[in-house]
Amino acid sequence: MSPVQADGGTVLVITARDSDTGDAVTLALQDLGVRAVRFDLADLGRTVSLSARCDGGQWQGSLTVRSRVTKLRDVRSVFWCHPTPPRVWVDGMTQAQTQWASQEALAGLAGVLGTLDCLHVNHPSDTRRAQVKAGVVAAAERAGLTVPPTWIGSIPSGARRFNLGAVDGIVTKTLTTPQITEDDHHVRPLYTTLVVDSDLDAVATGVTHLQHRVLTDYAVRAHTIGTRTVAVRIDAHTTAGRADWRATPESLTYTPVTLPAAVEDPLNALVHGYGLSYAVSDLLVDSHDRWHFVDLNPAGQYRWLENELPDLGITQALAHLLAGDSERPGRNGLTAAT
């Protein structure tokens, strides 16, 4: 694509300071001739400041990042990429006061930026809705995707009845973050795990997410960027990796792949139905070439795949989307002009 014509618009790249994705997208926007301002929400009070007033139903004012001033009315799009929440601390404040002040800072800064009438990739409220796994399972089925039978509950007898109907067994999966960070900051990953009947008494201790197991031939990670899909086939060469490819990353090989229309069309409907312009979906393909949708991540990481496949083009597609140089879906899934 040709460089975008500069029109004074600015793209805000809101991400953690050490974000590889933030680096790549910012550079790609600069290559397009687009003014990009990158910062982290945690930089509020250090290198970031805000002055905004609601006038006529819209927030007007300015955002200052390292002495660079951006008028809020000039923001053409916002890329929200795993930013770190602000932390406000003044000598003498208690922990409770620090927590309250930090929450106030997040509500104010992210709240004002979230009201801007421009493209958000993705708007925080849409991201939060799309992170509710129970809602995603139902929405995926309504969109026409094949989802493994799913159970969520806390009654062992219900889990056992669910297990009886699973020819190839059942697995348990997280509903929130797929890891636990211990007090010593050690991170323990939580992978998809095979469950046997004797494990199901533990269901009563909380709420458990179970699915019928898919005997996977290979996995596919599909990236929806506006109206474009970039998909990668992931082949695992270990038993643990075939159960969950994240378990043995060293055993994986990657190949670009095109989704069948019968999968891509309902997947687009699902993603755009949530108001998302970018999302990563995980699919499993069995030995009978049946495609099963298993997860939607509205803020999915992808740079590790571009390191393996340098010509994948996800960063460039995101930059063009943020710059307004490509089609993007409307909130109802229809194509919006740019």
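The first residue of the sequence shown is numbered 1, and numbering continues consecutively from there.
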Starting from the C-alpha separation in whole Å, work towards a yes-or-no answer on side-chain contact (heavy atoms from CB on, under 4.5 Å) for H212 and T150. CA-CA 7 Å; H212 283 197; T150 304; over 6 Å; no
Any side-chain heavy atom of L12 sitting closer than 4.5 Å to one from L63? yes
Quick check: does any side chain N or O of T205 sit under 3.5 Å from a backbone N or O of A202, one acting as donor and the other as acceptor? yes
Just verifying a value: how many Å separate L305 CG and H223 NE2, rounded to the nearest 0.5 Å? 5.0 Å
First locate atom OG of S49, then atom CZ of F39, and finally report the distance between them rounded to the nearest 0.5 Å. 10.5 Å
Between R242 and D217, does a salt bridge (charged side-chain N to carboxylate O under 4.0 Å, His left out) hold up when you go through it step by step? CA-CA 8 Å; R242 282 188 286 273; D217 189 17; over 6 Å; no
Main-chain N/O of S125 paired with H123 side-chain donor or acceptor, under 3.5 Å: yes
Once rounded to the nearest 0.5 Å, what's the spacing between atom CD of E264 and atom OG1 of T229? 3.5 Å
d(L296 CG, L267 CG) to nearest 0.5 Å is 8.0 Å
Any side-chain donor near an acceptor of the partner, W80 and H120, under 3.5 Å: yes
Check the side chains of T315 and E306 for a donor-acceptor pair under 3.5 angstrom, ignoring hydrogens and angles. yes
Name every donor-acceptor pair, under 3.5 Å, that has one atom in a side chain of residues 102-110 and the other anywhere in the protein, sequence neighbours excluded.
unit_1	atom_1	unit_2	atom_2	d
S102	OG	V88	N	2.8
S102	OG	T98	O	2.8

Quick one: do D126 and R128 make a salt bridge, cutoff under 4.0 Å? no
Do you know the tightest heavy-atom contact between L270 and A140? CD1-N, 3.7 Å
Side chains of T253 and H237 in contact at under 4.5 Å (non-hydrogen atoms): yes
R17 CZ to T47 OG1 distance, which is reported to the nearest 0.5 Å: 7.0 Å
What is the distance from atom OG of S77 to atom CG of L322, rounded to the nearest 0.5 Å? 4.5 Å
Smallest separation among heavy atoms of S62 and L72, with atom names: N-CG, 4.0 Å
Main chain of G241, side chain of T238: is a donor-acceptor contact present, judged purely on distance under 3.5 Å? yes
Under 4.5 Å between any side-chain heavy atoms of R246 and P189, yes or no? no
Within one Ile-Leu-Val-Met-Phe-Trp-Tyr cluster: L29 and I225, side-chain cutoff 4.5 Å: yes
Any donor and acceptor pair, going by atom type alone, linking the side chain of N268 with main-chain N or O of D265 inside 3.5 Å? no
Could you pull out the closest heavy-atom pair between I152 and A134, with the gap in Å? CD1-CB, 4.0 Å
If we only count heavy atoms from C-beta on, is the L318 to V121 side-chain gap below 4.5 Å? yes
Does atom CD (E250) have a neighbourhood of more than 12 heavy atoms from anything else shown, all under 6.0 Å? yes
Give the intermediate values and the outcome of side-chain hydrogen bond (donor to acceptor under 3.5 Å, both in side chains) for residues H82 and T15. CA-CA 5 Å; H82 300 278; T15 187; over 6 Å; no
Heavy atoms only: give me the nearest R38-A16 pair and the separation to one decimal. NH2-O, 2.8 Å
Would R233 pass as a cation-pi partner of Y218, given that its NZ or CZ must be under 6.0 Å from the six-membered ring centre and within 45 degrees of the axis? yes
Please set out all donor-acceptor pairs under 3.5 angstrom arising from side-chain atoms of residues 154-173, sequence neighbours excluded.
unit_1	atom_1	unit_2	atom_2	d
R160	NE	D197	OD2	3.2
R160	NH1	D201	OD1	3.4
R160	NH2	D201	OD1	2.9
T172	OG1	H209	O	3.2
K173	NZ	Q211	OE1	3.2
K173	NZ	V294	O	3.3

With side chains defined as the heavy atoms from C-beta onward, is the minimum distance between R228 and T224 less than 4.5 Å? no
Between Y302 and V280 (side chain of the first, backbone of the second, donor and acceptor by atom type, cut-off under 3.5 Å), is there such a pair? no
Quick one: do V214 and V195 end up in the same hydrophobic cluster if we chain Ile, Leu, Val, Met, Phe, Trp and Tyr together by side-chain heavy atoms under 4.5 Å apart? no
Residues T192 and A243: closest non-hydrogen pair is CB-O, 4.0 Å
Check the pair W245 / R221 against side-chain contact (heavy atoms from CB on, under 4.5 Å), numbers first and verdict last. CA-CA 11 Å; W245 53 261; R221 197 159 168 91; 3.8 Å; yes
As a quick check of understanding, evaluate ring-ring contact (aromatic ring centres under 6.0 Å, His included) for W89 and W100, giving each step before the final call. CA-CA 10 Å; W89 182 84; W100 177 84; over 10 Å; no
Given the rule in the side-chain contact (heavy atoms from CB on, under 4.5 Å) test, do L215 and R213 qualify, once you have shown the distances and angles that lead to the verdict? CA-CA 6 Å; L215 295 181; R213 179 188 183 195; 3.7 Å; yes
Determine whether the side chains of R35 and T70 contain a donor N or O and an acceptor N or O closer than 3.5 Å. yes
Do the side chain of D286 and the main chain of D289 share a donor and acceptor less than 3.5 angstrom apart? yes
Kindly indicate whether the side chain of V78, heavy atoms from C-beta on, has any atom under 4.5 Å from the side chain of I14. yes
Hey, any chance L119 and L113 share a hydrophobic cluster, counting ILVMFWY side chains that come within less than 4.5 Å of each other, even indirectly? no
Heavy-atom side-chain proximity of S277 to N122 below 4.5 angstrom: yes
Taking the side chain from T94 and the backbone from Q97, do they hold a donor-acceptor pair closer than 3.5 Å? yes
If hydrophobic clusters are built from ILVMFWY residues whose side chains come within less than 4.5 Å, do Y191 and L210 share one? no
Determine, using the 4.5 Å side-chain heavy-atom cutoff (strictly less than), whether V25 and V65 are members of one ILVMFWY cluster. no
Go through it in stages, so that I can follow the logic: the residues are L259 and W291, the test is side-chain contact (heavy atoms from CB on, under 4.5 Å), and I'd like the CA-CA distance, side-chain angles, deciding distance and then a yes or no. CA-CA 10 Å; L259 299 185; W291 292 63; 3.6 Å; yes
With no hydrogens and no angle check, just 3.5 Å: does a side-chain donor-acceptor pair link T127 and Y274? no
Can you tell if the side chain of D43 reaches within under 4.5 Å of the side chain of T84, non-hydrogen atoms only? no
I need the minimum non-hydrogen distance between A52 and W59, along with the two atoms involved. O-CZ3, 3.5 Å
Can D55 and R53 be counted as an ion pair, charged N to O under 4.0 angstrom? no
